[in-house]
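Computation of the quantities below employed the complete heavy-atom set of this structure, encompassing side-chain atoms and omitting hydrogens, waters and symmetry-equivalent molecules.
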Amino acid sequence: MEPTEPQVDPIAERDRHFMRLALEAAETARAAGEVPVGAVLVLGDEVVATGFNHPIGTHDPSAHAEMAALRAAGTALSNYRLPGCELYVTLEPCLMCAGAIMHARIARVVYGARDPKTGACGSVVDAFSNDQLNHHTSVAGGVLETECGDALRSFFAERRRASREVRREARSAAGSEPGVADNGR
C-alpha cells in the first residue's frame, strides 16, 4: 500500500487565501498611519470589494475596514443587501460593524485575530448568536490568527516606541534650553 498524501481542506485553504488578501488591505491602512485592519468581501470565489481602516484620516469613527468593504460592495452590486456574501476581516468585528454586517445580510464572517476589548463575535459580546434577531450570520474565527495579531501588535509597539522617542526628544530639548534646567538663576 502506497502512502497517501495528506488531504488539504479546501474550505480552510480558501479562507486562508482570502484572509491573506485582507492582510494586504491591512497593510494599506498601516501605510496611511491607521490601525492595520483589512477586509475583503467575497461572493462565490470573486472578490467584490476590499476595505481598510481609515477613521483617523477621514475623521470618521465609522470608517472601519468592514464598513468600507460593505459600502464598496453595496455600490459594486447596486444593492444594500449582500446575501450570499462572505466578509473576511483581520480583526474580530466590533458591535457597530456586526450591526452593519447583519443589516447587509452577510452570510458568513471570517476573522483573524480576536479583539478582547471590543469584539462582537464572542470575545466581549456575541451579536451573532442572538436568536431574536431576524438575520443569522455564521462566524468563523482564528484564520491566520497569528499573522493578523502580529500585524496589530507590531503596529502598536511601533506607535509606543515613536511616542517614547517624542517624549525623550522633548525632555532633551527642554533640558538644553538656556535657563530652563536651572530656572534662569
Residues passing the side chain to side chain donor-acceptor pair (under 3.5 Å) test with Ser123, sequence neighbours excluded, are Glu92
Looking at side-chain heavy atoms only, is the closest gap between His54 and Phe52 below 4.5 Å? yes
Hits for side chain to side chain donor-acceptor pair (under 3.5 Å) against Glu158, two or more places apart or cross-chain, chain-then-number order -> Arg161
> So, do Lys117 and Val124 sit near enough that their side-chain heavy atoms are less than 4.5 Å apart?
Replying inline: no
Applying side-chain contact (heavy atoms from CB on, under 4.5 Å) to Glu145 and not counting sequence neighbours gives Arg114
Asn134 meets the side-chain contact (heavy atoms from CB on, under 4.5 Å) criterion, sequence neighbours left out, with Arg105
Side-chain donor-acceptor distances from residues 25-40 under 3.5 Å, at least two apart:
| from | atom 1 | to | atom 2 | distance (Å) |
| --- | --- | --- | --- | --- |
| Glu27 | OE1 | Arg30 | NE | 3.4 |
| Glu27 | OE2 | Arg30 | NE | 3.2 |
| Arg30 | NH2 | Ala151 | O | 2.6 |
| Arg30 | NH2 | Ser154 | OG | 3.0 |
| Glu34 | OE1 | Ile56 | N | 3.0 |
| Glu34 | OE2 | Ile56 | N | 3.3 |
| Glu34 | OE2 | Gly57 | N | 2.6 |

Does the side chain of Glu66 come within less than 4.5 Å of Leu87's, by heavy atoms?
yes
List the steps, then state whether side-chain contact (heavy atoms from CB on, under 4.5 Å) holds for Val125 with Leu95. CA-CA 8 Å; Val125 297; Leu95 199 51; 4.1 Å; yes
Contact between Leu70 and Leu41 at the side-chain level, heavy atoms closer than 4.5 Å - yes or no? yes
**Prompt:** Are Leu82 and Val48 grouped together when hydrophobic residues (ILVMFWY) are joined by side-chain heavy atoms under 4.5 angstrom apart?
**Reply:** yes
Is any side-chain heavy atom of Asn130 closer than 4.5 Å to a side-chain heavy atom of His136? no
So, the side chain of His135 versus the backbone of Ile106: is there a donor-acceptor pair under 3.5 Å, distance only? yes
| Do Cys85 and Leu77 pass the side-chain contact (heavy atoms from CB on, under 4.5 Å) test, and can you show the C-alpha distance, the side-chain angles, and the key distance before you say yes or no? | CA-CA 11 Å; Cys85 289; Leu77 298 175; 4.2 Å; yes
Open item on the list: Within the structure provided, determine whether Pro93 and Ile101 are in side-chain contact (heavy-atom separation under 4.5 Å).
Closed with: yes
Inset, instruction - Show your working on side chain to side chain donor-acceptor pair (under 3.5 Å) between Ser163 and Arg167 and close with a plain yes or no. - result: CA-CA 6 Å; Ser163 180; Arg167 286 192 307 271; 2.8 Å; yes
Q.
Within the structure provided, determine whether Glu86 and Val109 are in side-chain contact (heavy-atom separation under 4.5 Å).
A. no
All heavy atoms of Arg81 vs all of Asn79, minimum pair found to be N-OD1, 2.9 Å
**Q.** Beyond-backbone contact of Arg71 with Ser62, side-chain heavy atoms, under 4.5 angstrom
**A.** yes
So ring pair (Phe, Tyr, Trp, His ring centres under 6.0 Å) across residues 15-51, not counting sequence neighbours, yields Phe18-Tyr88
Between Ala113 and Cys148 the two heavy atoms that sit nearest each other are N-CB, 3.8 Å
Between Arg153 and Thr146, the two heavy atoms sitting closest are NH2-O, 3.9 Å
In terms of hydrophobic clustering (I, L, V, M, F, W, Y; side-chain heavy atoms under 4.5 Å; direct or indirect links), are Leu23 and Val143 co-clustered? yes
query: Are Met102 and Met67 co-members of a hydrophobic cluster defined by side-chain heavy atoms under 4.5 Å apart?
result: no
Please tell me whether Leu43 and Val89 are part of a single hydrophobic cluster in this structure, the criterion being side-chain heavy atoms less than 4.5 Å apart.
yes
Taking it one step at a time, do Val139 and Arg108 satisfy side-chain contact (heavy atoms from CB on, under 4.5 Å)? CA-CA 6 Å; Val139 177; Arg108 182 171 179 247; over 6 Å; no
